[in-house]
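Take a look at the structure set out below.
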Amino acid sequence: MGTAQILFWSLTALALISAIMVLVSKNPVYSVLWLIVVFFAISGHYILLNAQFLAIVNLIVYAGAIMVLFLFVIMLMNLNTETEPQKSIWMKFFGVVAGGLLLSFFISFVISSADLKGKSAQLKEGEIGLIKTLGKALFNDYVIPFEIASILFLSAMVGAVVIGKKD
Amino acid sequence: MSALTILLDANVNSSANYFQIGIQLLVAIGIVIVMMVASHLLGPKRSTSEKLENFASGIESHGNARAPMAIKYFLVAILFVLFDVEVIFFYPYAVNFKELGWTGFWEVLLFVAFFLVGFIYIIKKKALQWED
C-alpha cells in the first residue's frame, strides 16, 4: 500500500466517523464542530485528487463561512430541552428505511455505472483540478453559468435583506 | 537537509507538496491535544460552587445560554458569505488575467456589476446599519 492509499483510507475513515458523530451528537453545536472535521477530511481528498483550488475553497467557504451560518441558525432557534420536538419511534424507523434505500440506490448506481468500471481516480498528478485550468474553463466555456451565478447571488442578497429586515 | 529535498516534489503542481502542510496541521493539533490533556491531568482541581458557576462578567447569571439572538447577526453573516464567494471567483481570473484579455475583463466586470447592484441595494435598505 502506497502513501496515497494510506492517506485515502485514513481520510475516508475520518470523514465517515465524523459524519456519524454529526448525527449521533446530542448537542447541535457539537454536530456543527464534527461537520467541520468532515469538511477538512473532504478537503484532504481534494488535495489527493490534485484539486488544490477546490480544497482551499472548501475550507474557506464551507468550513469557514457556512459553518458560522449553521451556528447562527442553531442560536436563532429556541433549543431548550423542554421545547425540543420528540420524534416517535415510527418516524425514526421510517427515516432509517428511507435513508437505507437512498444509500442502496447510490451503491447500485455506482456499481452498475459503465463509465466507472475498472477506472481509478487520478491521484497526486494531473492538470485538470488546478486553478489555471479551472479558470480557463470557467471564463471560456462556462461564461453564461458564471454570469447566472452572479444573478443568483444578487437574488440571494435581496432575499436575505427582505427576510431579515423588518421594514 | 537531504531528507527535506526527498520530500519536496520537483513538480510544483503535484499534491505531494501538500505533505508538509499536512504534517504541520497534525503537529499543531497534536500540541493542542497534549497541552489540554496535560493541563487536565497535572493541574490542581479545587472545585467550589463559586468556581463552577457560569462566568457572566461578574453579574449574577440568569436564564440559560439558549436564548434566541437577534437576526441582525445572521443577516451580516449571510451577506459576508455572498461577498466571500464573490472574491473566490477572482482567484481563477487573476491567475489567467493576461491570457483572457479584454473578453475576460468584460465578463468579470459584468459579474461585479451585479454584485454592485446588490451592494447598493443593501446600503439603500440600511441592512448593515446596526442601530434601528
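Only a predicted model underlies this, so the values are computations on that prediction, with no experimental measurement involved. In what follows, chains carry the letters A, B, and so on, assigned in the order in which the sequence lines appear, proteins first and then strands, with residues in each chain numbered from 1.
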Against chain A, label B:E99 side chain, backbone, both or neither, depending on which of its atoms sit under 4.5 Å from a heavy atom there.
side chain

Test ring-ring contact (aromatic ring centres under 6.0 Å, His included) applied to B:Y73 and B:W130, step by step
CA-CA 9 Å; B:Y73 296 95; B:W130 205 250; 5.2 Å; yes

Under 4.5 Å to a heavy atom of chain A? For B:L100 that would be side chain

Do A:K165 and B:K125 have side chains that get closer than 4.5 Å, going by heavy atoms?
no

Under 4.5 Å from a heavy atom of chain B, the part of A:F53 involved
side chain

Tell me, side chain or backbone of A:L69 under 4.5 Å from chain B's heavy atoms, or both, or neither?
both

Counting only non-hydrogen atoms closer than 4.5 Å, does B:F80 touch chain A with its backbone (N, CA, C, O), its side chain (CB onward), both, or neither?
side chain

Please state whether the side chain, the backbone, both or neither of A:I131 comes within less than 4.5 Å of a heavy atom of chain B.
both

Any chance you could measure B:K45, atom NZ, to B:K51, atom NZ, to the nearest 0.5 Å?
11.5 Å

Do other residues, nucleotides or ligands put more than 12 heavy atoms under 6.0 Å from A:Y142 OH?
no

Where on A:I60 is there a heavy atom nearer than 4.5 Å to chain B: the side chain, the backbone, both, or neither?
both

Between A:L134, A:I163, A:V158, A:V61, who has the most heavy-atom pairs with chain B when the cutoff is under 4.5 Å?
A:V158

Contact class of B:L110 relative to chain A, heavy atoms under 4.5 angstrom:
both

With a 6.0 Å cut-off (strictly less than), is the heavy-atom count around OH of B:Y93, excluding the residue itself, greater than 12?
yes

Residue from B:V95, B:I78, B:N96 scoring the most non-hydrogen pairs under 4.5 Å with chain A is B:N96

Parallel, tilted or perpendicular, judged at 30° and 60°: which one describes the rings of A:F146 and B:F89?
perpendicular

Mind checking whether B:F119 and B:F115 have ring centres under 6.0 Å apart?
no

